[in-house]
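Below: the structure, in structure tokens.
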There are 2 protein chains.
Amino acid sequence: MSTIQDVARQAAVSVSTVSNVLNGRTDRMRPETLLRVEAAIAELQFRPNSLARQLKTGQTPLLGLLVPSIANPMYGMIARAVETFAQEQYGYRVIVGNTYREKDKEAAFLEDLLAHGVRRVVVISSLADEHHLTQAVERGMVVVSFDRRATPGEASGIDHVTPDNFEAGRLATRHLIAYGHTRLAFATVAGLTVGRSDKIRGFLAAAAEAGLQQHARVLEGGPMNEYGDAAIGEVGRELAKSAAGDPHRPTGVVAVNDMMALGFMAGLREAGLRVPHDMSVVGMDGLFLAEIANPALTTLQLPVTEMARAMVERAMSRQSHLEPAAEEQVFPFTRLIERESVGPPPVSETKVPITR
Amino acid sequence: MSTIQDVARQAAVSVSTVSNVLNGRTDRMRPETLLRVEAAIAELQFRPNSLARQLKTGQTPLLGLLVPSIANPMYGMIARAVETFAQEQYGYRVIVGNTYREKDKEAAFLEDLLAHGVRRVVVISSLADEHHLTQAVERGMVVVSFDRRATPGEASGIDHVTPDNFEAGRLATRHLIAYGHTRLAFATVAGLTVGRSDKIRGFLAAAAEAGLQQHARVLEGGPMNEYGDAAIGEVGRELAKSAAGDPHRPTGVVAVNDMMALGFMAGLREAGLRVPHDMSVVGMDGLFLAEIANPALTTLQLPVTEMARAMVERAMSRQSHLEPAAEEQVFPFTRLIERESVGPPPVSETKVPITR
DNA sequence: CTGAAAGCGCTAACAG
DNA sequence: CTGTTAGCGCTTTCAG
């Protein structure tokens with residue numbers, strides 16, 4: 001690979017002149033000089049070494065992206081949008097890391113990014129403890145976190161971009177209640193993340209509104225080791241099989257996300273139960289997969305592209321971690337898409353009287 | 001962030017001694033010196049700047065990963081395995097790029113990797129033209145290509161790790177034929193990649209073996225702009241809808257991959273056709289999603305983890321692009337997993353007489 | 001308008 | 001065993 005020196009020699013100018021054209025300071029030279037330099041660059045197929053430039057400037061056009069698992073279709077969607085936007089709008093490339101929601105892996109990833117000179121990262125984690133994140137902030141990292149609310153009154157220096165999980169849990173549950181369901185369940189996986197807790201709170205709030213708090217249960221499957229993977233679908237499947245055997249089983253279930261819902265429906269089917277005839281299921285995320293499922297899954301649509309854009313913009317806009325206060329940006333789920341997985345509860349079931 | 005100089009000063013040794021401990025040459029110093037240096041490193045929270053090291057050594061612990069779209073669950077699976085393996089076995093991080101199978105985007109990505117000092121890349125592309133890849137090889141890149149065979153007799157310097165696509169097409173088709181299907185179709189998407197052509201050849205070969213070449217058609221949907229995305233499922237859906245309307249429609253279809261098959265089944269359902277009662281479908285890849293689909297999809301299982309491991313190992317083993325000849329490593333699909341999407345053809349259909 | 005020169009943080013001879 | 005030193009390729013004052 002040719003260097004800036006080679007170009008300078010070839011064009012018979014000094015390296016600083018070449019550097020100037022590289023950095024757009026073309027006004028500092030005679031047009032003919034510029035032409036000579038450009039010709040030399042083309043001829044030598046010269047590409048400035050990003051490493052050397054970074055060492056000097058301290059900035060590298062790389063964005064970190066930490067996800068539980070890139071194999072999870074939801075994170076794949078987000079990753080695609082983040083990468084494309086970062087690249088097209090800012091010329092940044094992205095380094096991804098699967099962390100399986102393990103704190104150590106997250107910390108190690110952040111550590112490596114720092115060593116690589118990466119100063120901006122989008123984190124999808126929502127581990128309750130974000131100490132390792134604030135630590136990265138202190139070391140100069142601009143971090144944007146997905147799927148967890150900012151801790152009120154705490155200036156962590158972290159930007160938060162998150163879905164309105166509480167509202168989502170409430171909306172999905174209300175939808176079931178509107179269809180007449182009185183035995184409700186929320187299907188989730190072991191390990192409480194901030195986002196999951198919020199959804200559960202919303203679920204419980206909607207049940208309480210309808211006087212159904214006695215009949216609202218949280219079903220927790222797992223745990224699993226490769227979180228975020230196909231594993232969550234698998235957990236849903238197992239959960240459904242055990243729920244199906246319960247004579248007092250719920251008639252309407254809200255799944256923590258679409259993959260869980262899809263797995264849950266598969267488990268129900270294996271147990272001989274039909275959706276929505278025997279049980280109704282609503283998901284969250286709005287994956288394309290929900291659309292082609294059988295029955296097609298009723299779900300809440302999350303504005304993935306918009307959120308990805310917001311995360312990248314926040315990560316890029318701040319010149320350093322020292323800048324203005326970090327902010328929280330909450331995105332409502334766009335809407336509830338009614339499809340086939342929700343119907344009235346089976347008539348044979350004993351109805352629970354509604355209190356009010 | 002503290003530097004090696006700070007550490008040296010703190011430990012009252014020279015920078016080279018610190019560098020020596022950093023690089024494991026601990027035998028060159030007194031144990032007590034080592035201790036002092038380690039203490040200083042810990043105290044200052046020193047992390048060697050990877051950039052500076054790279055500039056000096058010319059090697060950076062980064063692996064490029066070029067995919068059509070990380071949102072495609074199949075590539076998500078591969079990416080997860082590649083990243084995890086590269087990280088755990090070699091301490092490498094990975095830079096991903098979505099290229100949507102566009103040659104320009106692929107070339108630009110390779111270009112950026114080179115500028116970043118990245119010297120190893122795993123490419124999932126299978127564009128017929130791999131000129132931009134060989135060009136990268138010439139510039140010092142070690143490239144491992146997925147899903148395309150090596151061009152016989154051409155020493156491109158590229159390693160190839162690929163499924164046995166021809167055999168897969170043939171196996172899937174034979175499975176349908178064994179069930180008595182005589183009207184066959186191969187569902188794919190516009191834009192012939194090497195892998196897709198091989199599958200089609202296998203499909204045609206199996207049909208010919210059974211004297212069914214007159215009744216084997218290739219159904220091509222699309223094109224689409226965001227290849228590899230949900231888009232391929234969508235294409236399958238549309239393709240199924242139009243195929244359903246044809247009175248001479250096939251009774252058995254082989255889909256180019258699971259996402260296509262899943263979309264195809266959804267389209268069939270929307271058109272009022274049942275699987276496998278009215279039409280049988282077999283996929284390829286063995287995604288977890290195939291397992292929870294309704295009906296569960298019969299598919300060919302690809303050994304994703306093993307292939308990812310092979311790709312990373314190849315990318316890492318070669319010390320430079322100049323080394324030994326590049327090789328081709330072909331992985332057979334592990335097996336055909338029979339589930340619910342394949343059955344005998346509908347009896348009402350006119351049977352095509354089998355020639356031999 | 002153009003060139004010389006001082007580093008960015010680290011590695012690796014080469015001396016002591 | 002430990003220190004000195006010359007760069008890796010580029011950017012950026014500061015002089016001409």
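Below, chain A is the first sequence line, B the second, and so on; all start at residue 1.
Looking at heavy-atom distances under 4.0 Å, A:R53 makes contact with sugar-phosphate atoms alone, never a base. A:D6 comes within 4.0 angstrom of no nucleic acid atom, judged by non-hydrogen atoms across all strands.
Side-chain contact between A:F109 and A:I95 is present, with heavy atoms from C-beta onward closer than 4.5 Å. Contact of the A:E313 side chain with the A:Y90 side chain is registered, since non-hydrogen atoms from C-beta on lie closer than 4.5 Å. Taking the side chain as every heavy atom from C-beta outward, B:D159 and B:M311 never approach each other to under 4.5 Å.
Residues passing the side chain to side chain donor-acceptor pair (under 3.5 Å) test with B:T57: none are found, sequence neighbours excluded.
Position along DNA chain C of the nearest nucleotide to B:L55 versus A:L34 favours A:L34 as the more 5'-ward residue.
Side-chain polar atoms of B:R80 and A:Y100 form a donor-acceptor pair below 3.5 angstrom.
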Name every donor-acceptor pair, under 3.5 Å, that has one atom in a side chain of residues 39-48 of chain B and the other anywhere in the protein, sequence neighbours excluded.
from, atom 1, to, atom 2, distance (Å)
B:E43, OE1, B:Q10, NE2, 3.3
B:E43, OE2, B:Q10, NE2, 3.1
B:R47, NE, A:E111, OE2, 3.3

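Taking 4.0 Å as the cutoff to heavy atoms of chain B, we find the contact window on DNA chain D bounded by D:dC1 to D:dG9. Chain A approaches DNA chain C within less than 4.0 angstrom (heavy atoms of the protein), and the contacting nucleotides run 5' to 3' from C:dC1 to C:dG9.
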- Query: side chain to side chain contact (heavy atoms under 4.5 Å, CB included) between B:Q5 and B:V15: does it pass, once the steps are laid out?
  - Reply: CA-CA 6 Å; B:Q5 317 273 0; B:V15 292; 3.4 Å; yes
- Step by step, would you call B:V121 with B:V144 a side chain to side chain contact (heavy atoms under 4.5 Å, CB included)? CA-CA 6 Å; B:V121 66; B:V144 178; over 6 Å; no
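For DNA chain D, the residues of residues 15-23 of chain B within the heavy-atom distance limit of 4.0 Å (strictly under) are B:V15, B:S16, B:T17, sorted by number.
Checked for salt-bridge contact, B:R101 and B:E106 miss the test: no charged N lies under 4.0 Å from a carboxylate O.
Screening residues 18-31 of chain A for salt bridge (Lys or Arg N to Asp or Glu O under 4.0 Å) gives no qualifying pairs among residues at least two apart or on separate chains.
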